[in-house]
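Please read the structure below before turning to the comments.
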Amino acid sequence: MFGDNIFELDDSITENKDVLNQSDKLLKGLNKEQKEAVTTTNGPLLVLSGAGTGKTKVLTTRLAYILSLGLARPWECLTVTFTNKASKEMYERVTNYIGAEVESVWLGTFHRICTKILRKHSHLINLDSNFTIIDDDDQKRLIKKILEERGIDTSKNPPIAVLGRIQRYKDKGLNPEHVINENHHSHISIPALYMEYQKRLLELNAVDFGDLILHVLNILKKNKDVLEFYQNRFKYIMVDEYQDTNVSQYLLLRLLSQKHKNICCVGDDDQSIYSWRGAEVGNILRFEKEYDNSKTIRLERNYRSTQNILSAASSLIQNNSNRLGKDLIVADNSEAQKSENEKVNVLTVYNDIEEASKIITEIQNLRLKSAPYSSMAILVRTAAQTRKFEEEFISHNIPYKVIGGLKFYERAEIRDALAYIRLLVLSSDNLAFERIINKPTRGFGKATLQNIYQYANQNRMSFYNALKEMSKLNMFKGKAKSQAAMFVELYEELKIALKDDNIEHYEIISHLLEDSGYIKMWENEKTPDAKGRIENLNELTGVIRENFENIYGFLEHVSLVMDNDSNDNGETVSIITLHGAKGLEFDNVFLPGWEEGLFPHSKTLDEGGLEALEEERRLAYVGITRAKKKLWILSSSTRFLYGQYQNNNPSRFISEISPEFLNIKNNNSHSNSSYNYNEYQEEPNYYNKSYNNNDSWGNNFFANKKVKEKAVSSNSTWSINQRVFHQKFGYGRIVTISGEKLEISFEKAGLKKIMANFIEAA
DNA sequence: TGCAGAGGACTTTTT
DNA sequence: GTCCTCTGCA
C-alpha cells in the first residue's frame with residue numbers, strides 16, 4: 001500500500017528530478033476554469049463543480065502540478081478522499097501524470113490518514129498504539145450491554161438508536177463532556193451513556209470509526225507540539241467530495257490548514273446525499289466565511305452527459321431551495337456533445353414485473369446494437385428492489401452484478417472468523433470473546449457466561465483470562481468443563497505459534513478456525529447457505545495468505561480498506577443503489593421505481609420533512625447525471641413489497657422535470673396503451689450462443705454472496721489438466737472434476753478445491 | 001442450555 | 001416475503 005512509510009520520511013530526502021518542470025504538459029487539455037483551479041496555489045480555494053465536470057482530474061492535476069513546480073515535497077501534500085476506491089484512482093493518476101514515485105504523498109480516506117496519525121500519538125490519550133477498530137456490530141453489542149447493566153429497557157430504547165445519537169455527537173466533534181442532556185423528559189441520559197461507552201472502548205483498547213477522527217482532533221487540540229508538527233508538514237491540503245465531510249472532519253481540516261492555508265476543497269452541493277450519516281452541506285457554505293481571501297471557482301462544463309439529460313437534471317434540482325446554484329452545459333467537443341441528443345424516456349408500467357421486463361427488452365435492444373452489458377446500469381432506491389431484476393436477469397441469461405448490500409467482510413461468518421483472530425492477537429478483546437465463545441456451542445449458557453464476566457470484573461482481568469483461570473481452578477461443570485480447557489489450550493498453543501517466525505501466519509489462522517470447531521459447525525449445518533459460508537471462510541484465509549505479511553496488517557486492512565470490487569471489469573449489467581452509484585457513469589441508465597413512497601421514500605419524508613425531500617431530490621439528480629447517452633425513468637402503479645401489493649402514484653420528481661426534455665410513454669397495460677407486448681415476450685436467442693445455459697449461477701455460494709457476480713462462465717465443460725485462472729489464486733491446472741467442484745493445482749497457491757464459477761479458462 | 005415458534009420491522013451506508 | 005430477536009418450554 002502506498003504511503004505506508006510516511007512517518008519515516010525526513011526532509012533530507014532529495015527531490016525527484018523527474019517531477020520537476022512538467023507543469024506545462026499537465027495543463028494541456030484542461031479548460032479555462034479547470035486550469036485556473038489547478039494553478040491557483042495560493043490560499044484557500046473552493047471548487048464548486050457539477051456532475052461530470054472533471055473534479056477528480058482537477059484535484060489530481062493540481063497535486064501533480066504542485067509537485068512538479070517543487071512548491072512542496074510529496075510528504076507535504078495531504079489529499080483526502082472519501083472512499084478507498086477514489087484514493088486508489090487518484091494515486092494512479094498522479095503517478096501517471098508526473099511519471100515518478102509518489103509513494104510518500106499523503107493520499108487516502110479521512111479514516112486511513114487519521115489511523116496513521118492516531119497510532120503515532122495514541123499514548124497521549126492513554127490508548128495503546130495497537131488499538132483495534134471495531135465495527136458497528138461490536139458497537140451495538142457494547143451499547144446493549146451498557147443499557148442492560150443500567151436496567152434500561154432495550155425494547156423502548158433500542159441500542160441502535162442510542163448508538164446513532166452517540167455517533168452524531170462524534171460526527172460533530174463533540175466529546176461526552178461537551179454534550180448536554182437535551183432529552184429532559186426521558187429517564188435515559190445520552191451523555192452519560194456516551195461517557196460510559198467511551199470508557200469501555202478505552203478499556204477494550206478499541207476505537208470506533210468516529211473515534212478515529214475525534215481522537216485525532218482531541219490530540220491536536222490538546223498538544224500544541226503535535227499540532228504544529230502537522231501544520232508545518234502539510235503545506236497543501238486537498239479535499240475531494242467536500243459536501244460529504246461532517247463537522248469533525250471539517251474541524252480537523254481547519255486545524256491542519258491553519259498555518260499554510262493552502263486548502264483546496266472540491267465539492268458539489270447538489271450531490272450531497274449523506275446528511276443522514278452526519279455530512280454537512282453547510283461546510284461548503286461556511287468555507288468562504290471561514291477562510292479569508294478564499295477564492296471560489298465553478299466548473300460548469302460537463303463532459304459526461306447529453307444536453308437533454310443535463311437539462312432534465314437541472315430542471316429537477318432547481319426545485320431545491322437550499323443550493324448554491326450552477327447550471328451545467330455540455331462542454332464543446334466533448335463526446336457528450338457529439339452523441340445523439342436523445343430525450344429522457346419516461347415509462348409508466350402496471351407492475352414491477354412489467355417494469356423488469358421492459359428494462360430487459362431495452363437491454364436486449366441495446367445489446368443488438370452492440371452496446372456492451374457493462375455500459376448499462378440499473379440504479380435503485382432501496383436494496384430490496386434488486387431481487388426482481390436478479391430473477392429476470394437469471395431467467396434471461398443476462399450476466400449481471402449487484403453492487404452494495406453486505407460486503408464480504410460484513411458477513412456473519414467472516415466477522416466471527418475475525419473475532420477468533422482478534423482474540424488471538426489480543427486476549428483482552430472482550431467483544432471478540434463474547435462473540436465467539438459459544439460459537440459453536442460449547443456449553444456456555446447465560447449463567448456460565450455471567451459467572452465468567454463476574455469473575456473477570458472482580459479480578460480485573462479480561463474475559464479470556466477469566467476463562468483460563470476458572471478452567472484451571474476447575475470451576476466449570478459438564479460440557480463447559482472440557483470445552484473450556486480445550487479452548488484455552490488451543491489459544492495458548494497458537495499464541496506461541498504466533499511468535500514463531502517459522503510458522504506462516506495463515507497456517508495459524510487455518511488451525512484456529514479448524515481446531516476451534518468453527519468450520520465444523522458450518523459443515524454440520526444443513527442449511528443451504530452453509531456451504532457458501534465455508535467457501536467464504538476459505539476465501540478469507542486465501543486473502544490473508546496472498547496479501548498479508550502478518551496478522552496485524554490484515555486486521556487493520558480489513559476494517560479500513562477491504563473492499564471486494566476486484567471483479568469489477570466483467571461484461572455485466574450493474575445493479576446499484578443510487579447512493580452506491582455516486583462517482584460512476586454509464587452510457588445507458590435505468591431508473592426504476594420512481595413512485596411516491598418509494599422515491600421519495602415515505603420513511604424519509606416522515607422523519608425529515610422538507611430537508612429530507614431535498615436530499616431525495618439530490619439523489620434523483622445524482623441518478624440522472626450518471627447517464628452519458630440514454631436514460632430511462634420508470635414508475636409502476638403496483639408493486640409487491642414487504643409481502644403485499646402496494647399502489648403508488650408516479651414520483652413527484654417526474655413532474656418536476658420540464659417535459660420538453662422528456663419522451664413520455666404510458667405503457668400501463670391496464671390503460672389503453674399502444675404498447676406492444678410481443679416486443680418483449682419474443683425472446684431473441686442471439687446471446688445464447690456465447691453463454692451456456694446451465695444453471696450454475698443458482699449454486700449456493702452465489703445465492704449467498706451479496707456482491708454477486710453472475711457472469712456466466714464462457715466454458716461449460718472443463719477438462720483434466722486444462723490451464724485455468726482464478727482471481728485470487730492465479731494460474732493452475734485442473735486435477736479432478738466432480739460436477740461444479742474442481743480441484744485445481746495452482747502454480748503459486750497449491751492444491752485447492754474451487755467452484756467452477758470462480759475460474760476461467762486461461 | 002438450546003431450540004422452535006411467534007412477533008416485529010423492513011432507506012440509504014463509508015470507514 | 002424475509003430476516004432478526006425475543007420468549008418460553010423441554
Base, backbone or nothing for each nucleotide of nucleotides 2-10 of chain C, written B, S, -, heavy atoms under 4.0 angstrom, 5' to 3'?
S---S----
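As judged by a 4.0 angstrom heavy-atom cut-off over every strand, A:D244 is placed among residues making no nucleic acid contact. Nucleic acid contact class of A:T604 (heavy atoms, under 4.0 Å, all strands): base. Here A:T448 lies in heavy-atom contact (under 4.0 Å) with sugar-phosphate atoms only.
Atom CG of A:N648 is separated from atom P of B:dT11 by 15 Å (rounded to the nearest Å). Atom CD1 in A:I437 sits roughly 12 Å away from atom P in B:dG2 (whole-Å rounding). Here B:dT14 presents its C1' atom at 12 Å from CG of A:L212, a figure rounded to the nearest Å. Summarising the geometry, the separation between CD on A:E89 and P on B:dT14 is reported as 16 Å, rounded to the nearest angstrom. Taking atom CD1 of residue A:I273 and atom P of nucleotide B:dT12, one finds them 13 Å apart after rounding to whole Å. The distance between atom CG of A:L379 and atom P of B:dT12, rounded to the nearest whole Å, is 14 Å. In this structure, CD of A:Q167 is placed 17 Å from P of B:dT13, rounded to the nearest angstrom. Rounded to whole angstrom, the span from the CG atom of A:D208 across to the P atom of B:dT14 amounts to 17 Å.
Between the side chain of A:R381 and the base of B:dT11, a donor-acceptor pair under 3.5 Å is found.
Take A:F110 and apply the ring-ring contact (aromatic ring centres under 6.0 Å, His included) test, not counting sequence neighbours, and it matches A:F82. By the side chain to side chain donor-acceptor pair (under 3.5 Å) test, A:R435 is found to be paired with A:D137, A:D416, residues two or more places apart in sequence or in another chain being considered. With sequence neighbours left out, A:R422 forms a salt bridge (charged side-chain N to carboxylate O under 4.0 Å, His left out) with A:D138, A:D429. By the salt bridge (charged side-chain N to carboxylate O under 4.0 Å, His left out) test, A:D211 pairs with A:K170, sequence neighbours left out. Residues that satisfy the salt bridge (charged side-chain N to carboxylate O under 4.0 Å, His left out) test with A:E89, not counting sequence neighbours, are absent from this structure. With sequence neighbours excluded, the residues satisfying side-chain contact (heavy atoms from CB on, under 4.5 Å) with A:A356 are A:F389, A:E392. Residues passing the side-chain contact (heavy atoms from CB on, under 4.5 Å) test with A:N205 are A:L127, A:D128, A:F131, sequence neighbours excluded. By the ring-ring contact (aromatic ring centres under 6.0 Å, His included) test, A:H579 is found to be paired with A:Y274, A:W276, residues two or more places apart in sequence or in another chain being considered. For A:D244, the salt bridge (charged side-chain N to carboxylate O under 4.0 Å, His left out) partners two or more places apart in sequence, or in a different chain, are A:K582.
Salt bridge status for A:R387 with A:E390: absent, with no side-chain N to carboxylate O gap under 4.0 Å. A:K145 and A:E434 are joined by a salt bridge, as a carboxylate oxygen and a charged side-chain nitrogen come within less than 4.0 angstrom of each other. A salt bridge between A:E355 and A:R639 is present, with a side-chain N of the basic residue lying under 4.0 Å from a carboxylate O of the acidic one. Using a 4.0 Å cut-off between charged nitrogen and carboxylate oxygen, A:R323 and A:D270 count as a salt-bridge pair.
Within the 4.0 Å cut-off from OP1 or OP2 of B:dG2, at least one side-chain nitrogen or oxygen of A:N438 is found. Between B:dT13 and A:T577, a contact under 4.0 Å exists linking OP1 or OP2 to a side-chain N or O. Distances shorter than 4.0 Å separate some side-chain N or O of A:T441 from OP1 or OP2 on B:dG2.
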Once pairs are restricted to Watson-Crick or G-U wobble with both distances under 3.5 Å, how does DNA chain B read as a dot-bracket string, [ ] for crossings and | for other-strand pairs?
||||||||||.....
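Between A:T83 and A:L449, the residue anchored closer to the 5' end of DNA chain B is A:L449, taking for each the nucleotide with the nearest heavy atom.
The side chain of A:F640 approaches C:dG1 more closely than any other nucleotide in the set B:dT11, B:dT15, C:dG1. Among the nucleotides B:dT13, B:dT12, B:dT15, the one closest to the side chain of A:T382 is B:dT12. Listed nucleotides: B:dT15, B:dT14, B:dT12. Nearest to the side chain of A:A383: B:dT12.
Aromatic stacking of A:Y274 on B:dT14: not satisfied for centres closer than 5.5 Å together with planes under 30 degrees.
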Could you pull out the protein-nucleic contacts involving nucleotides 6-10 of chain B (nitrogen or oxygen on both sides, under 3.5 Å)?
residue, atom, partner, partner atom, Å
B:dC10, OP2, A:K603, NZ, 3.1

